[in-house]
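This report concerns only the one structure given below.
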Amino acid sequence: MKFGVVISEGPYTHQAADTAYHFVRAALAKGHEVPRVFFYHDGVNVSTRLSVPPQDERHIQKNWTALAKEHGIDLVVCIAAAQRRGLLDENEAGRQGKDADNIAEGFRISGLGQLIEMGIQTDRLVTFGD
Amino acid sequence: MKFGVVISEGPYTHQAADTAYHFVRAALAKGHEVPRVFFYHDGVNVSTRLSVPPQDERHIQKNWTALAKEHGIDLVVCIAAAQRRGLLDENEAGRQGKDADNIAEGFRISGLGQLIEMGIQTDRLVTFGD
Amino acid sequence: MSEIKKFLYVNRKAPYGTIYALESLEVVLIGAAFDQDVSLAFLDDGVFQLTRGQDTGALGVKNFSPTFRALGDYDVTKLFVERESLDERGLSEADLQEIMYEDEDDGWAEKPSIRIVSRAEMADLMADQDVVLSF
Amino acid sequence: MSEIKKFLYVNRKAPYGTIYALESLEVVLIGAAFDQDVSLAFLDDGVFQLTRGQDTGALGVKNFSPTFRALGDYDVTKLFVERESLDERGLSEADLQEIMYEDEDDGWAEKPSIRIVSRAEMADLMADQDVVLSF
Amino acid sequence: MSTLHTVNKSPFTNTGLQSCLDHCKDGDAVLMIEDGVYGALAETVMAERVAGRIGAVSLYVLLPDAAARGLAEKRMLNGIAGVDYEGFVDLVADHDRTLAWL
Amino acid sequence: MSTLHTVNKSPFTNTGLQSCLDHCKDGDAVLMIEDGVYGALAETVMAERVAGRIGAVSLYVLLPDAAARGLAEKRMLNGIAGVDYEGFVDLVADHDRTLAWL
């Protein structure tokens with residue numbers, strides 16, 4: 001079965017990104033497909049590559065990047081939510097005249113249409129938020 | 001009177017940073033002092049200079065930077081909270097081996113001791129959070 | 001992309017204190033382009049999103065409540081509001097904005113988009129969807 | 001910096017679902033170096049922070065509950081827990097971790113840091129502070 | 001020696017206002033801000049509990065937040081006073097401490 | 001045609017679980033995750049309301065979240081089943097839609 005996943009809260013602050021991670025791993029282990037994870041609201045904060053959690057804590061962004069690479073998951077960060085919150089890729093940074101960018105490998109910035117499309121193209125949609 | 005202010009939630013996501021801004025402006029207008037504002041939890045996200053809100057929205061980071069400059073407010077971002085969430089200044093970025101930083105002018109990264117010190121040195125402490 | 005699915009946007013949070021209501025509306029507006037069967041549910045504190053007379057001037061934040069009145073232009077015409085949620089909050093239908101759409105199947109007659117439903121009807125609506133997005 | 005103020009840390013949220021409990025503890029540990037008169041209040045869902053037997057292995061997040069037992073080493077020895085909050089949640093003092101400190105004014109005798117108080121006593125405690133930090 | 005309590009969440013969703021009312025002492029003040037302003041509404045399932053503390057406790061609502069949400073003062077419980085941000089500042093100054101019910 | 005409802009907030013702080021129970025239909029499933037697992041506790045002020053729906057509705061608790069919070073299964077209401085993340089996946093697959101009570 002194809003699962004779409006929405007993550008609506010930021011890393012460490014809220015458990016949503018952790019629960020979603022364990023859910024997606026379990027879904028893949030059971031033979032389901034997870035073609036896309038969509039990051040919305042504060043969920044866009046998961047995508048920063050500048051996070052430096054304590055050594056004895058999980059690295060939420062790196063876990064997602066690795067999982068996506070291994071299983072070909074499309075990690076989509078909502079552009080409107082990301083702009084407000086200061087998450088930019090190199091392209092966006094150039095367009096907005098910003099001197100730095102912060103999106104990690106494996107995440108891509110795109111529009112809300114990708115969320116709707118995910119709802120249409122998957123069999124189940126699961127939201128993790130607050 | 002001296003007021004200390006704590007902001008515990010991120011910009012746009014939660015109203016805390018807006019309410020605190022109006023509160024601090026009103027306090028200054030009434031002749032009180034606001035020597036320091038301390039950003040903790042997701043409040044550290046206020047300090048990113050990469051935020052690009054829609055044209056017709058307020059720019060929360062720029063408003064704080066301007067207010068701090070005008071009135072000499074010490075805007076302190078908690079280092080532990082900031083590291084988890086991917087907020088770094090140039091110095092921290094170098095130390096952590098990161099290729100970018102994102103802290104805006106007027107904010108400085110420091111330790112939680114600055115929060116306690118603010119509690120000791122001010123007459124009132126007001127927390128804006130969720 | 002030819003399949004038509006039933007999409008329900010569930011709004012349970014008050015406006016302005018947090019951004020969920022505004023960002024929910026942004027999804028609805030973008031989603032309208034996809035020609036799905038769209039409904040919006042307002043229950044619990046979500047009913048506060050639709051109140052009349054919102055004035056954000058003193059807050060310096062954008063008043064997005066007029067956008068609800070534009071939803072008809074995007075063919076988003078089904079806004080279900082739970083009566084029990086209104087009652088618990090001391091509100092009635094008269095406290096909500098008037099939101100209209102033009103029904104092209106009925107000579108472009110103006111019709112109300114808001115439909116007040118009971119909690120049981122809201123539960124039925126939720127049980128009749130393909131995709132539910134919660135905000 | 002010679003003035004001693006009464007600091008109260010108010011903990012009203014459950015652990016792990018959100019980071020507030022953990023980051024509150026980080027403030028308490030840093031704050032201990034400032035030699036103020038520190039109390040911690042646990043009420044509402046905050047009482048869940050102190051439960052025994054927390055095992056975060058399957059979540060892959062850090063179990064910070066043992067840190068509460070180290071607070072005595074930082075001279076943080078007053079943890080007030082509200083009885084009504086426990087009762088409402090089906091908990092009793094036996095469900096909480098045993099947290100001890102050594103009283104240097106009493107021959108380093110081991111004493112319990114947790115003090116179960118009534119809601120009225122919690123209100124009195126709150127009313128007797130110089131600085132209140134809420135998490 | 002009294003306390004200013006701030007409440008910023010809707011009482012229909014979150015128990016913060018109730019807990020605040022259960023813990024504030026006679027002579028204290030409670031200021032409803034952000035989504036907390038809904039606690040000022042009359043004729044709701046919360047209204048009686050809020051009204052029951054009026055008098056013993058001074059209740060305030062932050063008017064800019066009430067206006068943003070379309071809450072007219074005539075819809076509010078009698079005995080709740082409206083303040084703007086300057087009034088908020090005065091309340092903080094006039095009480096010995098501020099306690100946020102987050 | 002049934003729904004899986006997920007609840008992730010403590011029922012002692014937030015009305016999400018109550019609203020979920022008020023809206024789920026007989027034959028639906030409710031899965032308590034994150035801070036929502038406290039809804040599974042017996043002998044609480046919420047327990048009777050939760051227990052009243054057991055049978056008509058299938059109630060589940062996510063065990064990794066319960067363990068993190070020190071909730072032993074023996075403290076939970078009878079009739080609530082524990083699942084791990086794979087069980088969560090099965091619940092999603094076995095119901096026609098998932099509704100998150102955020």
Exercise for the section: Could you tell me the separation between the CG atom of E:Leu31 and the CH2 atom of E:Trp101, rounded to the nearest 0.5 Å? Expected result: 15.0 Å
Handout entry: Value rounded to 0.5 Å, distance of CZ in C:Phe64 from OH in C:Tyr16
Key = 4.5 Å
Handout entry: Interatomic distance, E:Leu99 atom CG to E:Asp28 atom CG [nearest 0.5 angstrom]
Key = 9.0 Å
Practice task
Identify which part of C:Asp55 has an atom lying under 4.5 Å from any heavy atom of chain E, answering side chain, backbone, both or neither.
Solution key: both
Problem - E:Asp65, part contacting chain C, at a heavy-atom distance under 4.5 Å - result: both
Exercise for the section: Name the region of C:Arg52, side chain, backbone, both or neither, that has any atom closer than 4.5 Å to a heavy atom of chain E. Expected result: backbone
Practice task
Would you check if there is a donor-acceptor pair between the side chains of C:Gln54 and C:Thr51 at a distance under 3.5 Å?
Solution key: yes
Exercise for the section: Could you tell me whether C:Lys5 atom NZ has more than 12 heavy atoms of other residues or ligands within 6.0 Å of it? Expected result: yes
Practice task
Determine whether E:Glu34 and C:Thr18 make a side-chain contact, defined as any pair of heavy atoms from C-beta on separated by less than 4.5 Å.
Solution key: no
Handout entry: Heavy-atom pair with the smallest gap, counting every atom of C:Val76 and C:Ala32
Key = CG2-CB, 4.0 Å
Problem - Contact leader toward chain C among E:Arg69, E:Glu43, E:Met46, where contacts are heavy-atom pairs under 4.5 Å - result: E:Arg69
Completion exercise
In terms of heavy-atom pairs under 4.5 Å with chain C, the winner among E:Gly70, E:Ala47, E:Ala66 is E:Gly70
Problem - C:Lys78 NZ: over 12 foreign heavy atoms closer than 6.0 Å - result: yes
Problem - Enclosure of E:Asn78 CG (heavy-atom neighbours >12, cutoff 6.0 Å) - result: no
Practice task
With a 4.5 Å heavy-atom cut-off (strictly below), which parts of residues 3-25 of chain E touch chain C? List them by number.
Solution key: E:Ser10, E:Phe12, E:Thr13
Exercise for the section: Please assess C:Asn11 against C:Ser24 for the test side-chain hydrogen bond (donor to acceptor under 3.5 Å, both in side chains), listing each intermediate value before the final yes or no. Expected result: CA-CA 8 Å; C:Asn11 297 285; C:Ser24 170; 2.8 Å; yes
Problem - For chain E, which residues of residues 97-131 of chain C have heavy atoms nearer than 4.5 angstrom - result: none
Practice task
Please round to the nearest 0.5 Å and tell me the distance separating atom CD of C:Glu82 and atom CZ of C:Arg12.
Solution key: 10.0 Å
Problem - CG on C:Leu40 to CG on C:Leu71, rounded to 0.5 Å - result: 6.5 Å
Problem - Part of C:Asp87 within contact of chain E (heavy atom distance under 4.5 Å) - result: backbone
